Amino acid sequence: MSIQEKQPRIWEMLRKSIEKGQLVHALLFEGEKGTGKKEMAKWLAQSYFCQNGPIACGHCHNCQRVLAEEHPDVHFLQPDGQSIKISQVAAIKSYLGKSGLEQSKQFLIVEQAEKMTVQSANSLLKFIEEPTGQLQIVFLTENKEQILPTIQSRCQILHFTPFSLAVLQNALTDEGVPPMMASLLSELTNDLDRALTLYQDQWFNELKELMDKWVQYLVRKDPYAFVFVQQSLVKMCRDKKQQETLYDLLIAYFHQLLTVTDQQQFPGVEKWHKEELSEGLAIVLSCQEKWRFNVAFQATLEQLVIKIVGK
């Protein structure tokens, strides 16, 4: 899935700005992880240096080097440990204050910009307020509020919205993920890369096989669902992260139960009214909340079974 498909509104706006020669020299891309911020920044850098421009062709030597992060005039500033330090900014400013190695222009992408120290952010202000030569800067962040107001006020801020379920599902199926799995993964995360990582993860796939069985027991209101908790699920999910994944997966299943059209996927669900399914989801969310407040994982799952199967 191309960045044009992921963020069509922003892509079109930037395309028009490039073609009209009206692109501002400092941009701030803000939005959740996986929404395509860095990909858009690299596309912008490709357009900046494209040999067939003004819009990135994606095929020329410069476009390929930008994509591979090997272009000498495209710089990436990333946190060193927990922050972007003033020493890092000082080092990169020694390049930005000069002409590019190959052309007279340069491009800077600041990743996780919210991790700039006050000193490093202030050090970059000079290049935003008084850019030397042709310099384009793009800041990327998941938390705009942690970036200094002085930086924000000097940038054009573009908000990257999460992908719709349909867009993410289509992207996953394009990558070879089966439709039902794509539907489930799109409920779990809005991050395409994370969804593909989960799809390829052995532990996740083993858990999903167990969850397929357990959800069937729950749907049929089979008391064996209680035994299954101790025999299989607790053994499979030993740490907090794994337990959180189970709950997220169960919530995703209930969302599917509420919208499923193929009753063969969940035999027995046809006997449930929408209100019952909504109540079931509420029970899952309630038990998840208790687990988050340190009620034992096994106890919350067993309570969940009693409330759903006993209804």
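Given the structure is predicted, the values throughout are model-derived calculations rather than measurements. The first residue in the sequence is number 1, and the count goes up from there.
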F49 ring center near F107 ring center (under 6.0 Å) =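 Ring centres of F107 and F49 not closer than 6.0 Å.
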Summary of salt bridge (charged side-chain N to carboxylate O under 4.0 Å, His left out) pairs that have at least one residue in residues 159-175, sequence neighbours excluded =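 Non-adjacent pairs meeting salt bridge (charged side-chain N to carboxylate O under 4.0 Å, His left out): zero.
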Any luck finding a side-chain donor-acceptor pair between Q106 and H75 under 3.5 Å?
->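 A pair is found: one side chain offers a donor N or O, the other an acceptor, under 3.5 Å apart.
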Is the closest side-chain donor-acceptor distance between Y253 and D212 under 3.5 Å?
->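 Their side chains do contain a donor-acceptor pair, which is all the 3.5 Å distance test asks for.
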As an exercise, state the distance from [atom1] of [X] to [atom2] of [Y], rounded to the nearest 0.5 Å.
X: F160; Y: E39; atom1: CZ; atom2: CD; result: 9.5 Å
X: Q7; Y: W43; atom1: CD; atom2: CH2; result: 12.5 Å
X: L124; Y: I151; atom1: CG; atom2: CD1; result: 6.0 Å
X: T141; Y: I147; atom1: OG1; atom2: CD1; result: 4.0 Å

Heavy-atom donor-acceptor pair, Q231 side chain to F228 backbone, under 3.5 Å =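 Such a contact is absent between Q231 side chain and F228 backbone.
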Any donor-acceptor pair under 3.5 Å linking the side chain of S153 with the backbone of P149?
->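 It does hold such a pair.
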With sequence neighbours left out, write down each residue that passes side-chain contact (heavy atoms from CB on, under 4.5 Å) with D191, or none if nothing qualifies.
->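 In terms of side-chain contact (heavy atoms from CB on, under 4.5 Å), with neighbours along the sequence ignored, D191 is linked to K33, T189, D193, R194.
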Regarding K6 and the six-membered ring of W11, is the cationic atom NZ or CZ under 6.0 Å from the ring centre and inside 45° of its axis?
->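 Verdict for W11: no cation-pi partner in K6.
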Within 45 degrees of the axis of the six-membered ring of Y48 and under 6.0 Å from its centre: does K105 put its NZ or CZ there?
->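 Yes, cation above the ring, under 6.0 Å and within 45°.
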Please answer: with hydrophobic residues joined when any side-chain heavy atoms are less than 4.5 Å apart, are V234 and Y247 in the same cluster?
->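 Both belong to a single hydrophobic cluster.
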L249 reachable from L165 in the ILVMFWY side-chain graph, under 4.5 Å edges |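 No.
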Output side-chain donor-acceptor pairs under 3.5 Å for residues 176-188, partner residues at least two apart or in another chain, one line each.
{"unit_1": "S183", "atom_1": "OG", "unit_2": "Q256", "atom_2": "NE2", "d": "2.9"}
{"unit_1": "S186", "atom_1": "OG", "unit_2": "Q169", "atom_2": "NE2", "d": "3.3"}
{"unit_1": "S186", "atom_1": "OG", "unit_2": "A182", "atom_2": "O", "d": "3.2"}
{"unit_1": "S186", "atom_1": "OG", "unit_2": "S183", "atom_2": "O", "d": "2.7"}
{"unit_1": "E187", "atom_1": "OE1", "unit_2": "H255", "atom_2": "ND1", "d": "3.1"}

Sort and list the pairs that fulfil ring pair (Phe, Tyr, Trp, His ring centres under 6.0 Å) and have at least one residue in residues 168-213, not counting sequence neighbours.
->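 Residue pairs passing ring pair (Phe, Tyr, Trp, His ring centres under 6.0 Å), neighbours aside: none found.
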Under 3.5 Å donor-acceptor pairs involving side-chain atoms of residues 292-299, not counting sequence neighbours:
{"unit_1": "Q298", "atom_1": "NE2", "unit_2": "E302", "atom_2": "OE2", "d": "2.9"}

Residues in side chain to side chain donor-acceptor pair (under 3.5 Å) with E12, at least two apart?
->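 Side chain to side chain donor-acceptor pair (under 3.5 Å) check on E12 returns R15.
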Greater than 12 external heavy atoms within 6.0 Å of Q230's CD =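 Check fails, neighbour count at 12 or below.
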Charged N to carboxylate O under 4.0 angstrom, E279 versus K307?
->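 Looking at E279 and K307, the cut-off is not met.
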